[in-house]
Amino acid sequence: MTVRTRFAPSPTGFLHIGGARTALFSWAYARKFKGQFILRIEDTDVARSTPEAVQAILDGMSWLGLDWNEGPFYQMQRMDRYKEIIQKMLTEGHAYLCYSSKEELDALRERQMQDGIKPRYDGRWRPEDGKVFPEVPVGVQPVIRFKNPKAGLVEWDDLVKGHIAISNEELDDLIIARGDGTPTYNFCVVVDDWEMGITQVIRGDDHVNNTPRQINMLKALGATIPQYAHLSMILGDDGQKLSKRHGAVSVMQYNEDGYLPEAILNYLARLGWSHGDDEIFNMKQFCEWFDLDHITPSAAQFNTEKLNWINAHYIKQADLNALAIDINKRLMAKAIKTDGGPALNGVISLYRDRANTLNDLATSIEYFYSQPIADAAAVEKHLPNEILPIIKTMLAELSSTDWTAEAIHGVIEQTVLKNALKFPKVAMPLRVMVTGGAQSPSIDAVMQLLGKEETLKRMSVFCA
RNA sequence: GUCCCCAUCGUCUAGAGGCCUAGGACACCUCCCUUUCACGGAGGCGACCGGGGUUCGAAUCCCCGUGGGGACGCCA
């Protein structure tokens, strides 16, 4: 049987890191088995779903390069089909009308909590032999409930967590259609997973408790039951749960922050899944290696430090021209123009090994394209007055030097020799004058790239 | 409260009864390289939640405890 997996986000917000990993794993599983990956938008919560969120999810997926074979399917467009099936369940006795009001149910729930039992619907409108029902209240739009089996065990072999069994006594008759007739999540998932022929449902841990209900509905419908794989959640950097209020950010934020999609993907792949000691691998490799057997059942804490390390790795590997285009954009966003300045490719080559993010990289090379503001502490430390005469002499010598790194290096070395100094005594003042700070790659390489005119100009400012 | 799940270095993880005096990676520390800072290289620090079993032998299997998490919506 062909593997068919799906990613089924609800468009109530952006694609965050947890959703991205779920999508990645579902995608990789389908790719590994040459199957299909399906994207389905679960937008039945009309009040909270927005077209902006749909777009944000699509953007996130495409930035990461997670492509799908079918869809996106929108559940709101499948209303007719859901209603048809609900009608069928009603006729077949798998579902029934319930006239309990929300207030009534809230009160029930509260009482049950107080009594220390699991809150659940008590089945007051559930049709049973010889049962006498209360009078049907007027003006109440009934909801439709699934008639869950009362006894027995629901069990499945979770591909991540192993065998799980839950007693039907723990389950109540869940609502499958609201008062206004729109079907609810648990029902739509069941119908869609069934009709879309999903073979492996790979989703978040928070759905474990929905699984037995879904299996019961699948059984009532005579549907094939897919395999389930429940992924543990991703905790924030601080070990706390990610939520809208705390730490959950859009994957697109990582784009803005200067992370490469390859790095995010590679990092996410290793969060909760492993292949021996392998740390760095591309998506082609990942799709070959990926399996559900090596997924950790416990929650994983997000670690930005490690992400940074992986990102730095991919920056070193990245195509130089692509890097230049990206960095140029980031500089432009800060109103720094690179045309007319030193060639970006050269500058980036000099700096790419030192950056954790593209933003770091962009920031570190800003001084090539705009006047640096000299760091006062660095000036104080590396530019003592007694060095100025030496700098002046060097300035004169440099103005008649061929502008190659070797020639520049030669001038510095001669100066060092003539004045019986250590190399840094001359290199550091130059670094501060030219870059504005005390850290940079080889100063001769920097000066060469910056250009003769600009370098001498920056030096003379300090010699005035 | 009830049900379900989880538990190896600070973090991500390897580990499917002997290969484990527990391996790798990030971070941290030391040294080397060096023109500063990085990069890179070489070392180092650092963990099987506790208690009972099972077994010749347990990080690995079982039970209990403890701790953490999730679910209990006319949300998904």
Side-chain angles (χ1 to χ4, degrees), chain A residues 8-12 42-45 47-49 75 98 100-102 105-106 109 112-120 141-145 158 160-162 164-167 169-172 174-180 182-186 188-189 203-212 230 232-233 235 237 239 241 267 270-280 293-294 296-310 312 316 351-356 364 378 382 409 412-413 416 422-428 430-432 435 437-444:
Chain A
S10 71
T12 54
E42 311 220 317
D43 53 358
T44 51
D45 185 351
R48 290 197 290 170
S49 298
Q75 291 189 320
C98 165
S100 297
S101 68
K102 283 182 195 177
L105 295 171
D106 287 345
R109 202 166 12 247
Q112 289 167 325
M113 287 279 242
Q114 270 173 8
D115 293 350
I117 56 171
K118 189 173 185 167
R120 76 255 260 194
Q141 281 297 313
V143 299
I144 299 169
R145 286 184 186 270
D158 197 279
V160 173
K161 293 181 183 286
I164 298 178
I166 288 164
S167 165
E169 288 166 26
E170 295 297 328
L171 273 24
D172 63 358
L174 75 156
I175 293 173
I176 58 175
R178 304 177 175 91
D180 66 5
T182 57
T184 59
Y185 163 75
N186 270 298
C188 299
V189 174
R203 66 195 349 175
D205 207 322
D206 47 337
H207 288 291
V208 169
N209 292 274
N210 290 324
T211 308
H230 288 100
S232 297
M233 45 190 274
L235 273 20
D237 243 328
K241 187 194 171 184
Y267 177 72
R270 277 292 283 109
L271 204 56
W273 176 84
S274 60
H275 184 266
D277 288 339
D278 294 304
E279 296 286 350
I280 301 279
D293 300 336
H294 291 84
T296 324
S298 55
Q301 189 170 318
F302 194 87
N303 186 223
T304 306
E305 303 271 15
K306 186 159 180 183
L307 206 214
N308 284 344
W309 172 72
I310 294 183
K316 291 185 191 105
Y351 267 92
R352 69 189 315 184
D353 287 356
R354 335 161 65 85
N356 281 335
S364 66
H382 300 293
H409 188 261
I412 300 174
E413 209 154 50
V416 165
K422 296 264 193 213
F423 199 99
K425 281 282 175 218
V426 179
M428 288 312 289
L430 282 174
R431 184 145 22 228
V432 174
T435 73
Q439 293 98 43
S440 85
S442 252
I443 190 59
D444 39 32

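Each chain gets a letter, A, B and so on, in the order its sequence line appears, and its residues count up from 1. These numbers come from a predicted model, not from an experiment.
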Next on the checklist: Please classify the nucleic acid contact of A:T435 as base, sugar-phosphate, or nothing, using heavy-atom distances under 4.0 Å.
Outcome noted: nothing
Checklist entry - Looking across every strand, which nucleic acid part, if any, lies under 4.0 Å from A:T44 by heavy atom: base, sugar-phosphate, or nothing? => result sugar-phosphate
Item to check | Whole-Å P distance, B:G10 and B:A71 | outcome: 28 Å
Checklist entry - Side chain of A:R270, base of B:U13: donor and acceptor closer than 3.5 Å? => result no
Checklist entry - For A:E279, which residues count as a salt bridge (Lys or Arg N to Asp or Glu O under 4.0 Å) partner, sequence neighbours excluded? => result A:R270, A:K306
Checklist entry - With sugar-phosphate meaning primed atoms plus P, OP1 and OP2, does A:G272 contact a base, only sugar-phosphate, or nothing at under 4.0 Å between heavy atoms? => result sugar-phosphate
Item to check | Base B:G23 to side chain A:D277, donor-acceptor N/O within 3.5 Å cut-off | outcome: yes
Checklist entry - When we call it a touch if two heavy atoms are under 4.0 Å apart, what does A:I443 touch: a base, just sugar-phosphate, or nothing? => result base
Checklist entry - For A:E170, which contact category applies under a 4.0 Å heavy-atom criterion: base, sugar-phosphate, or nothing? => result sugar-phosphate
Item to check | Base paired to B:C72 (Watson-Crick or G-U; both N/O distances under 3.5 angstrom) | outcome: B:G1
Checklist entry - If every non-hydrogen atom of A:M113 is compared with every non-hydrogen atom of A:P119, which pair is closest and at what distance? => result SD-CG, 3.7 Å
Checklist entry - Checking side-chain hydrogen bond (donor to acceptor under 3.5 Å, both in side chains) for the pair A:D180/A:T182: CA distance, chi angles, key distance, verdict? => result CA-CA 6 Å; A:D180 66 5; A:T182 57; 2.8 Å; yes
Checklist entry - Contact class for A:V143 vs. all strands (heavy atom < 4.0 Å): base, sugar-phosphate, or nothing? => result base
Item to check | Residue closer to the 5' end of RNA chain B, A:S101 versus A:H382 (nearest nucleotide) | outcome: A:H382
Item to check | Under 4.0 angstrom between A:T12 side-chain N/O and B:A76 OP1 or OP2 | outcome: no
Next on the checklist: Over all strands shown, is A:A300 touching base, sugar-phosphate only, or nothing at heavy-atom distances under 4.0 angstrom?
Outcome noted: sugar-phosphate
Checklist entry - So what does A:K316 hit on the nucleic acid, given a heavy-atom distance under 4.0 Å: a base, only sugar-phosphate, or nothing? => result sugar-phosphate
Checklist entry - Just checking A:P9: base, sugar-phosphate only, or nothing, at a heavy-atom cut-off of under 4.0 Å? => result nothing
Item to check | 5' precedence on RNA chain B between A:P297 and A:S440 (nearest-nucleotide basis) | outcome: A:P297
Next on the checklist: Under 4.0 Å, heavy atoms only, any strand: does A:K102 hit a base, just the sugar-phosphate, or nothing?
Outcome noted: base
Checklist entry - Does A:Q75 offer a backbone N or O that forms a donor-acceptor pair with the side chain of A:E42 under 3.5 Å? => result no
Checklist entry - Mind checking the C1' distance from B:C12 to B:A47? Whole angstroms is fine. => result 13 Å
Next on the checklist: Quick check against the 3.5 Å criterion: does A:N210 have a side-chain atom that pairs as donor or acceptor with the backbone of A:N186?
Outcome noted: no
Checklist entry - B:A59 and B:C48: how far apart are their P atoms, nearest whole angstrom? => result 11 Å
Checklist outcome for this item: Across every strand shown, the nucleotide meeting Watson-Crick or G-U wobble geometry with B:G57 (both distances under 3.5 Å) is none
Checklist entry - What integer number of Å spans the P atoms of B:G18 and B:C26? => result 29 Å
Next on the checklist: Strictly by Watson-Crick or wobble contacts shorter than 3.5 Å, is anything paired with B:A7, and which nucleotide is it?
Outcome noted: B:U66
Next on the checklist: Looking at A:K241, I'd like to know whether one of its side-chain N or O atoms comes within less than 4.0 Å of OP1 or OP2 on B:G70.
Outcome noted: yes
Checklist entry - How would you label the contact of A:S442 with the nucleic acid (heavy atoms, under 4.0 Å): base, sugar-phosphate, or nothing? => result base
Item to check | Rounded distance in Å - CE (A:M233) to P (B:C12) | outcome: 13 Å
Next on the checklist: Measuring only the C1' atom in each nucleotide, how far is B:U30 from B:G57? A whole number of Å is fine.
Outcome noted: 39 Å
Next on the checklist: Between B:G46 and B:U2, how far apart are the two C1' atoms, rounded to whole Å?
Outcome noted: 40 Å
Item to check | Donor/acceptor link under 3.5 angstrom from A:Q112 side chain onto base of B:G1 | outcome: no
Item to check | Gap separating the CG atom of A:L307 from the CG atom of A:N356, nearest 0.5 angstrom | outcome: 10.0 Å
Checklist entry - Which whole number of Å gives the distance between the P atom of B:G17 and that of B:G73? => result 42 Å
Next on the checklist: Whether A:D172 and A:K118 form a salt bridge (side-chain N of Lys/Arg under 4.0 Å from carboxylate O of Asp/Glu) is what I want to check.
Outcome noted: no
Next on the checklist: Can you tell me the base-pairing partner of B:C48? Count Watson-Crick or G-U wobble geometry only, both distances below 3.5 Å, and say none if there is no partner.
Outcome noted: none
Item to check | Distance, C1' atom - from B:A25 to B:C61, rounded to whole angstrom | outcome: 29 Å
